[in-house]
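Structure first, commentary second.
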Amino acid sequence: MDIPDLHPWNVTYEEAIKIQKCLKDKVILKKIDRRINYIAGLDVSYAKGANTIWTGVVVLDFPSLVKIEERWAQSKVSFPYIPGLLSFREIPALLDILTKIEVEPDLIFCDGQGIAHPRGLGIASHLGVLLRKPTIGCAKSRLVGEFDPVGEDRGEHVYLRYQNRIIGAVVRTRSRVKPVFISPGYGVVLKDCIRFVLETCPTYRIPEPTRQAHLLVNSVRCNGVRS
DNA sequence: GCGACAG
DNA sequence: ATCTTGTCGC
């Protein structure tokens, strides 16, 4: 994949926030018009106290969800985890493996928020702006926003609201299991985000692209290289 | 000052 | 995110 270098990553927290406020205006959301054949999922895994990070990407065929490619790498991180600045910790390492994939994904699932972020630029939106490619944020918990109780059946969802705006949805991907927090990253409207999440999430709580990436990075971190 | 706070 | 054992429910 072609990855333009839009800004530095070795920045102070204040500079990171400035960058987010600047890039926020570049986030465009639109209805998906062309066919989606390949969906990528990204995830990372850390060693307990060290600054070592394993990153992984899987590419699944859509809608069959058959895995057609996977890549992983090990690298070092310098930026700490700070709520609201996650992308400055994880994106540099993720860009490394994205350059290695051969099958160009039409859509990318990220582990974290899209626009459901204090400054409207969660990790999925940030990555989407950099790549100018459709991304969806699927987080396991809330960063910002308020929401009403969600129905217990799979597929039920409520909107996530923040400062009088709808920024995402709380979606029950599996009956009687804790819902996930979906928000548009880049290039996809919320309605399509919910649809793609449910269509890629037939059995488990986490959508298959992200779940497969999670299994990959945990496998290589704990058991070493797999076949 | 206090509480909240993606991964 | 990671560490960590058994346990409860579908």
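Convention: sequence-line order gives letters A, B, ...; per-chain numbering from 1.
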For [X] and [N], give me the distance from atom [atom1] to atom [atom2], rounded to whole Å.
X	N	atom1	atom2	answer
A:Leu143	C:dA1	CG	C1'	15 Å
A:Arg89	B:dA6	CZ	P	13 Å
A:Leu42	C:dA1	CG	P	15 Å
A:Phe181	B:dG7	CZ	P	9 Å
A:Leu160	B:dA6	CG	C1'	12 Å
A:Asp111	B:dG7	CG	P	6 Å
A:His126	B:dA6	NE2	C1'	15 Å

From C-beta outward on [X], which listed nucleotide comes closest to its side chain: [options]?
X	options	result
A:His117	B:dG7, B:dA6, C:dC3	B:dA6
A:Asn218	B:dA6, C:dT2, B:dG7	C:dT2
A:His214	C:dA1, B:dA6, B:dA4	C:dA1
A:Tyr81	B:dA6, C:dT2, B:dA4	B:dA6

Salt-bridge contact [X]-[Y] (side-chain N to carboxylate O under 4.0 Å):
X	Y	result
A:Glu69	A:Arg71	yes
A:Asp192	A:Lys31	no
A:Arg211	A:Asp43	no
A:Glu14	A:Lys18	no
A:Glu208	A:Lys67	no

Determine the contact category for A:Gly84: base if any of its heavy atoms lies under 4.0 Å from a base atom, sugar-phosphate if only primed atoms, P, OP1 or OP2 are that close, otherwise nothing.
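Base, at least one base atom sits under 4.0 Å.
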
Applying a 4.0 Å non-hydrogen cut-off, can you work out what A:Ile53 is touching in the nucleic acid: base, sugar-phosphate, or nothing?
nothing

Decide if atom CG of A:Asn164 counts as having more than 12 heavy atoms of other residues, nucleotides or ligands within a radius under 6.0 Å.
no

Where each residue is assigned the nucleotide of DNA chain C containing its nearest heavy atom, which of A:Arg176 and A:Lys48 is assigned the position nearer the 5′ end?
A:Lys48

Contact summary for A:Phe88 and A:Pro8, nearest pair of heavy atoms:
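Closest approach of A:Phe88 to A:Pro8, heavy atoms only: CE2-O, 4.4 Å.
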
Under 3.5 Å for both distances, Watson-Crick or G-U wobble, that's the pair rule; now give the dot-bracket for DNA chain C, with | marking pairs to another strand and [ ] for crossing ones.
..........

Any A:Ser141 side-chain nitrogen or oxygen under 4.0 Å from OP1 or OP2 of B:dC5
no

